[in-house]
Amino acid sequence: MTTQAIETTEPIRGVGQAVPITIAHGDGIGPEIMAACLRVLDAAGARLAPETIEIGAQVYRQGVTAGIEPSAWDSLRRTKVFFKAPITTPRGGGYKSLNVTVRKSLGLFANVRPCAALSPFVETHYPNMDVVIVRENEEDLYAGIEHRQTDEVYQCLKLVSRPGTERIIRFAFEYARANDRRKVSCFVKDNIMKLTDGLFREVFAEVAADYPDIEHDHWIIDIGTARLAANPEQFDVIVTSNLYGDIISDVAAEISGSVGLGASANIGEHCAMFEAIHGSAPDIAGRGIANPSGLLLAGVQMLVHVGQAEIATRVHNAWLKTIEDGIHTADIHRADSSSARAGTDAFADAVIARLGQSPTKLTAVDYGSGTEPMAIPPATRRPAQDKQLVGIDVFVHQRDDSADALAARLQAASTDVPASLLMITNRGVKVWPNGMPETFETDHWRCRFEIDESHRDSSTVVALLGSLAANGIDFVKTEHLYEFDGEPAFSLGQGQ
Ligand code: NAD
């Protein structure tokens with residue numbers, strides 16, 4: 001196992017004194033595993049001064065839709081370090097995901113999930129697996145901007161920024177360098193999403209050139225995930241966008257042994273949050289059998305972050321020794337490889353009893369004596385480019401007309417406007433001109449107009465929309481079509 005040191009540009013360092021941290025006990029198994037972890041950290045000599053905040057079910061029940069009391073932010077801003085047990089997210093609309101809110105509000109742009117095998121002590125098909133997933137945490141489909149636009153069509157906006165992309169990719173390479181990792185792999189779907197995922201791949205290639213000492217490669221997310229599931233040993237550090245990272249990090253954790261072992265660090269320039277990757281496991285809550293390992297390993301990452309690397313090493317090695325000695329919680333217990341089935345508290349006691357010991361078969365970790373903070377170069381802002389309006393996509397809600405009839409109505413409604421209808425697509429597929437009869441058509445039509453060269457400004461857009469509205473066209477959304485420095489900045493219709 002490789003040492004996983006995570007530092008940011010602004011760590012909080014405890015020089016012999018207790019470091020203030022904010023903790024939340026969470027829901028379900030949260031209070032059980034948090035209590036066990038705090039006992040281990042305390043016994044190991046961690047110098048921490050926890051402040052407790054309320055989050056999760058209890059707060060949601062009080063009608064706070066974000067799941068966190070406004071006053072809790074004061075503690076988080078003051079301590080800048082959040083050690084968080086899992087919570088239960090209520091089902092149904094009206095509630096916001098607390099995790100997403102905390103990550104985005106505190107600018108925790110990088111999610112780091114190490115997934116390493118513990119073979120032969122924890123069953124896995126991949127005994128040499130040692131992968132770290134670095135997931136972008138703030139952008140992509142998790143921007144949470146969704147709309148229903150017609151009777152039949154809903155949309156979710158996928159927002160990807162160049163600075164946000166550059167920052168996460170640089171973080172992945174800096175992480176690789178700081179942790180003696182040899183390779184960074186990029187996973188995206190740029191063959192389909194040529195602008196958004198294409199940007200991610202383009203920036204990856206640019207940033208990789210600054211790290212000639214680290215290998216890099218690129219995978220389309222579908223085949224990359226298949227290879228990760230079938231042959232994870234070929235990967236080292238993987239950097240990817242938010243949704244893909246969410247999915248593949250669970251895949252990676254599961255095939256390394258158990259999701260119950262996975263830890264996650266959410267790192268920002270100012271604050272950091274450490275948690276297990278699993279949820280509140282309501283099915284086993286209150287039974288004292290939950291595995292505290294994911295949260296404990298998150299605690300190890302936190303200790304490194306706050307400058308208590310020696311304690312982190314002590315805890316991690318005692319934990320490895322416990323696993324190696326076959327003392328396992330029910331989720332990873334196997335008759336042939338375990339010597340004892342321990343409950344949450346007994347497992348914590350076993351780790352405490354091994355503080356000061358190191359594993360003899362698994363590789364011991366060494367976080368050093370408080371490594372230098374990992375530098376995160378700020379993302380560069382490029383100069384603005386020449387932006388030229390060339391057209392507009394008008395999205396129309398209608399269910400009665402055919403594509404040909406809709407085109408005729410749009411053309412009739414825009415005769416006095418210096419813009420011409422170029423094409424109509426339905427769910428991205430061209431249906432006019434020359435659509436195919438087999439194409440399924442819903443009630444949501446993207447109607448692309450090109451604006452005449454001498455009238456390329458927003459007054460033409462306003463005139464076009466005014467004319468469409470006057471003619472009873474129900475438009476539900478528009479997207480401007482631009483060229484940046486003469487390059488088209490929009491995708492073509494499928495079949496165009
Ligand atoms: P889960 O991760 O809570 O549980 C999935 C399965 O894994 C269950 O069978 C559970 O018993 C088992 N499991 C999980 N952690 C374990 C542990 N430490 N030891 C032993 N077994 C463990 O996922 P879920 O059931 O889909 O979600 C339950 C709740 O948790 C939901 O409300 C969900 O929204 C929430 N959730 C919270 C977080 C978080 O707070 N970070 C993350 C994921 C899910």
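Throughout, residue positions are numbered sequentially from 1 according to the sequence presented. Quick note: numbers below take in every heavy atom, side chains included, and nothing from hydrogens, waters or symmetry partners. In each ligand, atom 1 is the first atom listed, and ligand 1 is the first ligand listed.
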Can you find a heavy atom in the side chain of W73 that is under 4.5 Å from one in the side chain of S105?
yes

Under 4.0 Å from a heavy atom of T89: which atoms of ligand 1 are those, numbered in the order shown and with their elements?
32 (O), 34 (O)

Heavy-atom proximity to atom 10 (C) of ligand 1 ranks first, among T329, D283, D331, for D283

Can you check whether L297 reaches W319 side chain to side chain, under 4.5 Å on heavy atoms?
yes

Do H278 and N291 have side-chain N/O donor and acceptor atoms under 3.5 Å apart?
no

Protein heavy atom under 4.0 Å of atom 7 (O) of ligand 1
no

Under 4.0 Å from a heavy atom of A290: which atoms of ligand 1 are those, numbered in the order shown and with their elements?
19 (N)

Relative to the heavy atoms of K84, which atoms of ligand 1 are at a distance of less than 4.0 Å?
39 (C), 40 (O), 41 (N)

Is_contact(atom 26 (O) of ligand 1), protein non-hydrogen, under 4.0 Å
no

From the candidates G28, G279, P90, A276, the one that places a heavy atom nearest atom 43 (C) of ligand 1:
G279

Ligand 1 to T88 polar contact by distance, N or O atoms, under 3.5 Å
no

Any idea which part of N99 is under 4.0 Å from ligand 1, heavy-atom wise: side chain, backbone, both or neither?
side chain

So that I can tick it off, tell me whether D197 and K189 are bridged by a salt bridge, with the cut-off set at under 4.0 angstrom between side-chain N and carboxylate O.
no

Could you check whether any side-chain heavy atom of R167 comes within less than 4.5 Å of a side-chain heavy atom of E138, counting everything from C-beta outward?
yes

Give a yes or no answer on whether the side chain of K84 reaches the backbone of N99 with a donor-acceptor pair at less than 3.5 Å.
no

Just checking H305 against F274, ring centres under 6.0 Å apart?
yes

Is atom 37 (C) of ligand 1 close to the protein, meaning a heavy atom under 4.0 Å from it?
yes

Any donor-acceptor pair under 3.5 Å linking the side chain of D443 with the backbone of D151?
yes

Taking the side chain as everything from C-beta on, heavy atoms only, tell me whether Y211 gets closer than 4.5 Å to R170.
yes

Shortest heavy-atom approach to atom 19 (N) of ligand 1 - which of D246, V102, N291, I289:
N291

Among I87, L98, L261, D27, the residue with a heavy atom nearest to atom 35 (C) of ligand 1 is I87

Closest to atom 28 (C) of ligand 1 among protein heavy atoms sits P282 CD, 3.6 Å

Centroid-centroid under 6.0 Å between F235 and F187 rings:
yes

Protein contact of atom 3 (O) of ligand 1 - nearest heavy atom, named by residue and atom, plus distance
A281 N, 2.8 Å

Of the options V131, T225, L243, which is the one that meets I248 in a side-chain contact (heavy atoms from CB on, under 4.5 Å)?
T225

Considering non-hydrogen atoms of the protein only, which is the closest contact for atom 30 (O) of ligand 1, and what is the distance?
S280 N, 3.0 Å

In ligand 1, the atoms that come under 4.0 Å of a heavy atom of E275 are 41 (N)

Just heavy atoms, cut-off under 4.0 Å: does I284 contact ligand 1 by side chain, backbone, both, or neither?
side chain

